[in-house]
Amino acid sequence: MTLSKKPVMATLLLLLLITSQGKSVVVQSIGVNYGTIADDLPPATKVIALYKTSGIGKMRIFDPNQATLQALKGSSLSVIVGVVNNDLQGLATSPAAANGWVQTNLSPYLPDVNISYIAAGNEIKPSDPLAQYVGPAMQNLYNTVTSSNLQIKVSTVIDMLLMGNTYPPSLGSFSDNASAYINAITSFLVSTKAPLLANVYPYFAYLSDPTDIKLDYALLHSSGVVVQDGNLGYQNRFDAMMDSLYSALEKIGVANLTVIVTKTGWPSDGGVVATIDNVGTYYKNLISHVNNGTLKRPGPLETYLFAMFDEDQKGPVETEKHFGLFSPTKQPKYQLSFS
């Protein structure tokens, strides 16, 4: 198989890499969050080995855990490293603190660890006292990264609660309360050519409105169009949520901003629709789907599943303990292919 000499859309160029033997290889869009709120998980070295043997090439960690970063050396995994929310104020108010954070937490592991992104904060709401520190923290971290000649992008993670409207997807918009907050974030991201990181959960959307949102629609398992929006027919909630976010970004003037889905998942226990079968359906459908992107934005969509393991210390809701792809004994809960 060879590429035509005619111009090809950039998204298609990302989708197919042509090897020297002429075989096509699909770009891996799937990563997995590595959460550690548990007392029975295997050591980091065995976790990294499990990522590699499972064919998972991307990892997100929620803080710069030194044991994890040490274990990642030489692994070739692409990594998102999180800044915990409580560190944002210090990083925002002190360039020296931001420099110290990078030099202490990242520099000792470079270039042996492939750190792609720093996620400065997770799901900070505009009303949160920490919201004022997100932008300055990103700026100070970016200044440190660039002055150190590191090829690492700096961003932050939002959730869909910033949306004021998501239906239909073409009318997606941010809430009035989130306007100034998201505008400041996206302006920074555009200026630094970094992506927006977003947590997107059809599971929670379904729980919030099980009457109007059908289970098959949330599981990417509908047999036909459920929501017709102009000339776009939506067969799953994931695409509808993503395209409502893209529409909201268009409305604030950042239509070309890349979005990475940093968390999405479905629990296997602790709730009415939290079953092994539903999780297997969701993940199987999602993994095969994200390489194609959404109706509004075709092309590979980098997406991180939540999470690698069940975490027995999470809560208080019981479902929070059951989002793992693997049990703590490293046994897979589902038959999935990540490539």
Side-chain angles (χ1 to χ4, degrees), residues 28 30-37 41 43-45 47-48 50-52 56-92 94-95 97-124 130 133-159 185 188-189 192-199 258-264 302-309 311:
Q28 187 188 59
I30 291 292
V32 178
N33 288 259
Y34 173 28
T36 57
I37 306 177
L41 299 184
T45 51
V47 173
I48 305 309
L50 183 58
Y51 268 75
K52 296 179 72 174
I56 304 167
K58 302 175 189 291
M59 172 187 286
R60 178 190 175 197
I61 56 177
F62 296 91
D63 59 77
N65 181 279
Q66 305 299 287
T68 301
L69 290 166
Q70 183 67 35
L72 280 162
K73 282 187 172 182
S75 69
S76 77
L77 269 67
S78 174
V79 186
I80 300 176
V81 179
V83 175
V84 297
N85 291 352
N86 287 339
D87 286 348
L88 291 174
Q89 182 175 357
L91 299 177
S94 171
N99 181 70
W101 191 93
V102 172
Q103 299 308 324
T104 300
N105 295 312
L106 304 188
S107 294
Y109 307 99
L110 300 171
D112 297 326
V113 179
N114 179 19
I115 300 173
S116 300
Y117 309 105
I118 298 171
N122 182 61
E123 297 185 347
I124 302 291
L130 292 174
Y133 302 118
V134 173
M138 287 195 297
Q139 185 67 60
N140 284 342
L141 288 166
Y142 171 79
N143 291 344
T144 294
V145 165
T146 54
S147 66
S148 302
N149 295 314
L150 302 178
Q151 303 303 308
I152 301 173
K153 299 293 186 181
V154 179
S155 186
T156 190
V157 180
I158 67 166
D159 63 20
I185 289 171
F188 169 83
L189 297 178
T192 61
K193 297 181 174 59
L196 177 65
L197 311 178
N199 295 342
T258 297
V259 178
I260 293 174
V261 177
T262 37
K263 274 176 78 175
T264 189
E302 189 171 340
T303 301
Y304 291 74
L305 310 183
F306 182 81
M308 193 65 173
F309 299 104
E311 298 174 73

Between atom NZ of Lys58 and atom CD1 of Ile260, what is the distance when rounded to the nearest 0.5 Å? 8.0 Å
Thr144 backbone acceptor or donor facing Ser147 side chain under 3.5 Å: yes
Using only atom types and a distance under 3.5 Å, with no angle test, would you say the side chain of Asn33 pairs donor to acceptor with the backbone of Leu305? yes
Does Leu197 form a side-chain contact (heavy atoms from CB on, under 4.5 Å) with Arg60? I'd like the steps, not just the answer. CA-CA 11 Å; Leu197 311 178; Arg60 178 190 175 197; over 6 Å; no
Here the pair of heavy atoms bringing Gly35 nearest to Glu311 is C-OE1, 3.1 Å
About how many Å separate CD of Glu302 and CD1 of Ile80, when rounded to the nearest 0.5 Å? 6.0 Å
Applying side-chain contact (heavy atoms from CB on, under 4.5 Å) between Val145 and each of Thr192, Ile118, Leu106, report the one that passes. Ile118
How far apart are the C-alpha atoms of Ile61 and Leu69, what are their side-chain angles, what is the distance that settles it, and do they pass the side-chain contact (heavy atoms from CB on, under 4.5 Å) test? CA-CA 9 Å; Ile61 56 177; Leu69 290 166; 4.1 Å; yes
Working to the nearest 0.5 Å, report the span between CG of Leu196 and CD1 of Ile158. 4.5 Å
Atom of Phe188, atom of Val154 and distance for their closest heavy-atom approach: CE2-O, 3.5 Å
Under the side-chain contact (heavy atoms from CB on, under 4.5 Å) test, which residues partner Thr146, sequence neighbours left out? Tyr142
Give a yes or no on this: more than 12 heavy atoms of other residues, nucleotides or ligands lie within 6.0 Å of atom CD of Gln151. no
Using a 3.5 Å distance criterion without hydrogens, assess whether the side chain of Asn199 forms a donor-acceptor pair with backbone atoms of Lys263. yes
Sequence neighbours excluded, every pair satisfying side chain to side chain donor-acceptor pair (under 3.5 Å) that has a member inside residues 77-89: Ser78-Ser116, Gln89-Tyr133
Mind checking the CG-OG1 spacing from Leu77 to Thr68? Nearest 0.5 Å is all I need. 11.5 Å
Given 3.5 Å as the limit, does a donor-acceptor pair link the side chain of Tyr51 with the main chain of Val32, or not? yes
Apply side-chain contact (heavy atoms from CB on, under 4.5 Å) to the pair Val83 and Leu91, showing each step before the final yes or no. CA-CA 10 Å; Val83 175; Leu91 299 177; 3.5 Å; yes
Separation between NZ (Lys52) and OG (Ser76), nearest 0.5 Å, reads 5.5 Å
Donor-acceptor check, side chain of Lys73 to backbone of Tyr109, threshold 3.5 angstrom: yes or no? no
Thr45 side chain to Ala71 main-chain N or O, any donor-acceptor pair under 3.5 Å? no
Please answer whether the main-chain N or O of Pro195 pairs with a side-chain N or O of Ser155 as donor and acceptor at a distance below 3.5 Å. yes
Ala67 to Ala44 - nearest heavy-atom pair and separation: O-CB, 3.7 Å
Are the side chain of Gln66 and the backbone N or O of Pro64 linked by a donor-acceptor pair below 3.5 Å? yes
Straight-line distance of Met59 CE to Ile115 CD1, nearest 0.5 Å: 12.0 Å
Sorted by chain and number, sequence neighbours left out, side-chain contact (heavy atoms from CB on, under 4.5 Å) with Thr36 holds for Tyr34, Leu41
Can you check whether Ala198's main-chain N or O pairs, donor with acceptor, with Thr262's side chain at less than 3.5 Å? yes
Tell me if a side-chain donor or acceptor on Asp112 pairs with a main-chain N or O of Gly74 at a distance below 3.5 Å. no
